[in-house]
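Worksheet for the structure shown next.
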Protein chains: 2
Amino acid sequence: MSRKRNAHRSPDMPTLADVARLAGVSEITASRVVRAQGPIADATRTRVLNAIAELGYIPNRAAGSLASAGSTLMSVLLPSLSNIVFPDVLRGIHTALTQTAFQPVIGVTDYDPLVEERILVSFLAWQPAAIILAGLHHTPTARRHLEHGRFRVAELMDIDGDPVDIAVGMSHRQAGYDTGRHLIQRGYRRFGYAGHSVVFDDRATARYEGLCTSLREAGLSLVAEHRHPGPSSTMAGRDSLEILLATEPGLDVVVFPNDDMAMGGIFHCMHVGITVKQQLGIFGFNGLDIGQAMSMPLSTILSKRFLIGKTAAEKLLESRERPEEKTIINTGYEIIEGATA
Amino acid sequence: MSRKRNAHRSPDMPTLADVARLAGVSEITASRVVRAQGPIADATRTRVLNAIAELGYIPNRAAGSLASAGSTLMSVLLPSLSNIVFPDVLRGIHTALTQTAFQPVIGVTDYDPLVEERILVSFLAWQPAAIILAGLHHTPTARRHLEHGRFRVAELMDIDGDPVDIAVGMSHRQAGYDTGRHLIQRGYRRFGYAGHSVVFDDRATARYEGLCTSLREAGLSLVAEHRHPGPSSTMAGRDSLEILLATEPGLDVVVFPNDDMAMGGIFHCMHVGITVKQQLGIFGFNGLDIGQAMSMPLSTILSKRFLIGKTAAEKLLESRERPEEKTIINTGYEIIEGATA
DNA sequence: GCGTTTTATGGTAGCGCTGTCATTATTCTT
DNA sequence: AAGAATAATGACAGCGCTACCATAAAACGC
């Protein structure tokens, strides 16, 4: 019989046809039970469910996806997993998807738009229901694919720009600006900035620019800045502050692109005996748990990473069709006064 | 013509047939070019590649997966993403997969074997080439699925047990034991333990047991222990140490299940003026960057999370067939002396 | 009571791709 | 130079499922 092709399959992996036969219904009815779709008599449903349990049937999603020209996959493209920000976003996404049929498929771009484009294309091959990426900045090819596809798109983290479909995040430029205003108001005047390689993280750059703008408006400017070559880390923050202070000892506050580096800055101060806040203010970004667990909690800005991921995933599930109107959701942020600046 | 079913598809999404027609070859030949499989004349390959570029063809992996009864997906089931350990593992997996056709699909189980089982089944529906999970402990149903499937399986983190196929990790029991030996040798006698809810993380429990064993062998035992209800965090570590010292002020060393909590312990000491190491030793687990960036680096054990993920993914790719022999890879660990114990 | 709607089920024809086998042109042996 | 191996391509039949339409039975309306 027509089992000749089955040689390459697992021994007797049951199919929907097997389930249907055992339950004494047609394939399509069994299919409807599996998908909980369309009207099914209770008795029928029970028979099919029993057959499924008895055979240990597992639906073949590749076949389903092919037949229905769609899947329950949600592609998630993140710049990095080292930066705790993105695991937090991912948790939010996961939380929103937990009770649904959707599954996240993740890819990591290393902050490289070309890598993002490559991974995007390989994800499109699975006909995902939705795509989540970070930022509003993509290659022209990637943007074209995003615009023309039959799937929802959410661009996370930043909202300063023109999204393809949905943007969820906050204004990083504004956050940087507010950082400057906040610190100026608290009396700081001689600003330093200890960042990391600019090829990483557009958002950090936007905050930096916002900071500079606020300083300029107040008739100030950055007295000194140092950029650690390579990605951000606590050690990078510690080293950067040391270098910064060696070249410019008269700073009264240093802004870091994130809490990890700011923590490193605090460790440097502790090491060389600088009184944080009195002698030197330290300001971070993200509002990580660890910074708030210090007896002297870190002054920083709380970004709502989990909320961003969760909101985006929920919004994407609202409708399969892309609406006419683009959606921009501002999850905002909060300045945490803390005790370090 | 036979386009009636196409109504529900994207307007003119090109298929392999379109590519083949444009290139003037058969579908199979075009398919072979796409998959870089079988002998193809250079001229033919070029024509097909041009046609692909011209049409913007993206292969449909659902169709490919269905036809070949296999996919290039690698299912990854992790207990959590909050615990930095697992993003690290994921980075390792991702690194190993970057230059291959394989893509990771992740699921988060929240340390719940039943959730693990549920997600596992939904992943199996995509006919993954391999499955990665954490730990060697699964539900009977999950274990049965893992054993009978036509895919490779890697169980990560722990190696104290009987894997389905491949295990990559370290002995957590031994690590706990060595922690005890190390601290006893350094003169500590009055041990405290500040952990978290036991329903989380089998590995932490194994380390705890190893620690107790080493104490027992030395004629000692835990003088006091406290378990924070809920998951681990820096704040949990800080609070737990406070509670622990309130009930038992005479401790000379406290062991934490991980660096996050140990950092919290150090913050508590700083807050109340306890001299770490002289008055109270603090010992963690994981060897996180942030702990080593302090001027007084944390005494801990370096677990090789990235290496575990990378090694596992590489090993899985070595052969599609599950070999007769099970593989156990011990990635080991290193005691970091540090300055806190 | 007779049309009309609703509920429950089934037949058929693909979805887009690849495994299998077959075929022809080309190169290699001895 | 005859046979054997190799390279390059193609025809065809599904993979397992679901969209689409059709049908039959039950419930409803007035």
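Here is how names work: the chains are called A, B, and so on, in the same order as the sequence lines, proteins then strands, and each is numbered from 1.
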Within this structure, what is the CG-to-P distance between B:N60 and C:dG16, rounded to whole angstrom?
-> 7 Å
Using only side-chain N and O atoms of A:S26, determine if any of them is under 4.0 Å from OP1 or OP2 of C:dG10.
-> yes
Any A:S31 side-chain N or O less than 4.0 Å from OP1/OP2 of D:dT18 = yes
For the side chain to side chain contact (heavy atoms under 4.5 Å, CB included) test, which of A:L146, A:T327, A:L136, A:V168 pairs with A:P163?
-> A:L136
How many Å lie between CZ on A:R32 and P on C:dT9, as a whole number?
-> 9 Å
What integer distance in Å separates B:E27:CD from D:dC12:P?
-> 12 Å
Across the strands shown, which category fits A:R35 at heavy-atom distances under 4.0 angstrom: base, sugar-phosphate, nothing?
-> sugar-phosphate
Give the rounded distance in Å between these two atoms: CD of B:Q37 and P of C:dT20.
-> 11 Å
Cation over ring face, A:R322 and A:F151, 6.0 Å, 45° | yes
Once you round it to whole Å, what is the distance between C1' of D:dG16 and CH2 of B:W126?
-> 13 Å
Counting any heavy atom closer than 4.0 Å, what does B:T44 reach on the DNA or RNA strands: base, sugar-phosphate only, or nothing?
-> sugar-phosphate
Describe the nucleic acid contact of A:I28 in one word from base, sugar-phosphate, nothing, applying a heavy-atom distance below 4.0 Å.
-> base
Charged N to carboxylate O below 4.0 Å: is that the case for B:R143 and B:D162?
-> yes
Do the side-chain N or O atoms of B:T29 get closer than 4.0 angstrom to the phosphate oxygens (OP1, OP2) of D:dG10?
-> yes
